[in-house]
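Contents: one structure, followed by commentary.
Each ligand, and each atom within it, is numbered from 1 in the order the structure gives.
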Amino acid sequence: MMNCLQSWPEPVVRVQSLSESGIRAIPDRYIKPPSDRPGFENQEHVDIPVVDLKNLFSHDRTLHEETLKLISSACKEWGFFQAVNHGISHELMKRTREVWREFFNSPLEVKQEYANAPTTYEGYGSRLGVQKGAILDWSDYFFLHYLPVHLRNPSKWPSLPSSCRDLISEYGAEVVKLCGRLLKAMSISLGLKEDYLQNAFGGEDIGACLRVNFYPKCPQPDLTLGLSSHSDPGGMTLLLPDHDIAGLQVRKNGKWITVKPVPNAFIVNVGDQIQVMSNAIYKSVEHRVIVNSVKDRVSLAFFCNPQSDLLIEPAKELVSEDRPALYSPMTFDEYRLYIRTYGPRGKTQVEFSGSNR
Ligand code: OGA
Ligand code: NI
């Protein structure tokens, strides 16, 4: 690992502490250039597609195919959809989100025991990227490894609330199962064998991490972002948003669309690795998070990734003379070093790597 990634370049400031200190003006470090600030551009009356998964593997061929079509067009045109009837207990989703809210609401000293470093990012963090003097986002987070099992270390997960570790395990197992069903659906709708994507991710041994984002109330939400524009570097993300507060925005035709969370839905999005494997038939799409002055927001982003040392490249079946491979092989470990060094920067990486890697 590069030397510069061993520790943070500056003392870490917890955004939640800043927010709770009662400041009226946010420090300059969080003020975005005018072109990146939230604006009035998101007044569109459109939303990302909602896909009902009830019939995903129905024996009724027509219903099954209809669902696959909806997933496919959402992945091509939006890179995002909200999944309902996904099979995961709503009660489990709610309890898991609430236990994390309790963690973030516990005393600072408790959270500091889990303070993270940029070597692995595991633990309690407040920035993404290690560039000194970077403009920061208005959020704190907790990051942990769920799979592969040899990277899973529950002793690094919060021990309080006492149900936290068990809930992470139970929630993780359910989300990994759902991810498997979606990978199957995406493989079939790309015209690949149904286990293609799962195998390309490493079979049983995929990578999976959880990032729980905490977006504190912000006295000047018009000047900053909770999370800067980025596409997710991994395979596929299943996001559990807060139940009654919007915050996520998705970029569509150059405009920012604010997602209105459907109750109990998961927000599913395509990551850069599926864009690469599908030879850009499916797109990872830029998204960002806005904050507000009224309410804290918690979201759980569960990232399903290829095993970190596998070479990721476009599926041979999706490469032809007319549509040559747009990406050359690279491991996910090499790939994610970029966001871990420079922080979130739109889609620059997958676009850059398309012509140069
Ligand atoms: C992420 C992400 C969106 C949100 O964690 O990568 O895009 O609403 N989160 O928190
Ligand atoms: Ni994201």
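The shell of residues lying under 4.0 angstrom from ligand 1, judged by heavy atoms, excludes Tyr141. Proximity of Arg297 to ligand 1 is established by a heavy-atom distance of less than 4.0 Å.
Counting heavy atoms under 4.0 Å from ligand 1, residue Asp232 touches it through the side chain alone. Residue Phe303 touches ligand 1 through its side chain alone, judged by heavy-atom distances below 4.0 Å. Under 4.0 Å from ligand 1, not a single heavy atom of Ile267 appears.
For ligand 1, the atoms sitting less than 4.0 Å from at least one non-hydrogen atom of Leu227 are 1 (C), 2 (C), 5 (O), 7 (O), 9 (N), numbered in the order shown with element in parentheses. Applying the 4.0 Å criterion to heavy atoms of Arg211 picks out, from ligand 1, the atoms 1 (C), 5 (O), 6 (O). Of all the atoms in ligand 1, the ones that sit under 4.0 Å from a non-hydrogen atom of Leu248 are 3 (C), 8 (O). Each of the following atoms of ligand 1 lies closer than 4.0 Å to a heavy atom of Ala301: 5 (O). Residue His287 has at least one heavy-atom neighbour below 4.0 Å for each of these atoms of ligand 1: 7 (O). Heavy-atom contacts of Val289 reach the following atoms of ligand 1: 3 (C), 4 (C), 8 (O), 10 (O) (cutoff under 4.0 Å).
For the side chain to side chain contact (heavy atoms under 4.5 Å, CB included) with Asn85, the qualifying choice from Asp52, Asn264, Val51 is Asp52, the only one to do so. Under the salt bridge (charged side-chain N to carboxylate O under 4.0 Å, His left out) test applied with Asp242, the options Lys295, Arg101, Lys94 reduce to a single match, Arg101. Applying the side chain to side chain contact (heavy atoms under 4.5 Å, CB included) test between Arg37 and each of Leu225, Thr224, Leu223, Ile290 identifies Leu223 as the sole match.
Using a cut-off of 4.0 Å between Lys/Arg side-chain N and Asp/Glu carboxylate O, Arg29 and Glu10 are scored as salt-bridged. Electrostatic pairing of Glu98 and Arg95 does not count as a salt bridge here, judged by no charged N lying under 4.0 Å from a carboxylate O.
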- Would you please test Gln275 and Lys347 for side chain to side chain donor-acceptor pair (under 3.5 Å) and show each step? CA-CA 12 Å; Gln275 175 168 325; Lys347 272 199 76 166; 2.7 Å; yes
- Message: As a quick check of understanding, evaluate ring-ring contact (aromatic ring centres under 6.0 Å, His included) for Phe104 and Phe214, giving each step before the final call.
- Response: CA-CA 7 Å; Phe104 282 102; Phe214 186 82; 4.9 Å; yes
- Task: Carefully, step by step, assess Ser139 and Asp137 under the rule side chain to side chain donor-acceptor pair (under 3.5 Å).
- Result: CA-CA 6 Å; Ser139 54; Asp137 289 340; 5.4 Å; no
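Around the Ni ion (ligand 2), the angle linking His230 (NE2) with Asp232 (OD1) is 90°, rounded to 10 degrees.
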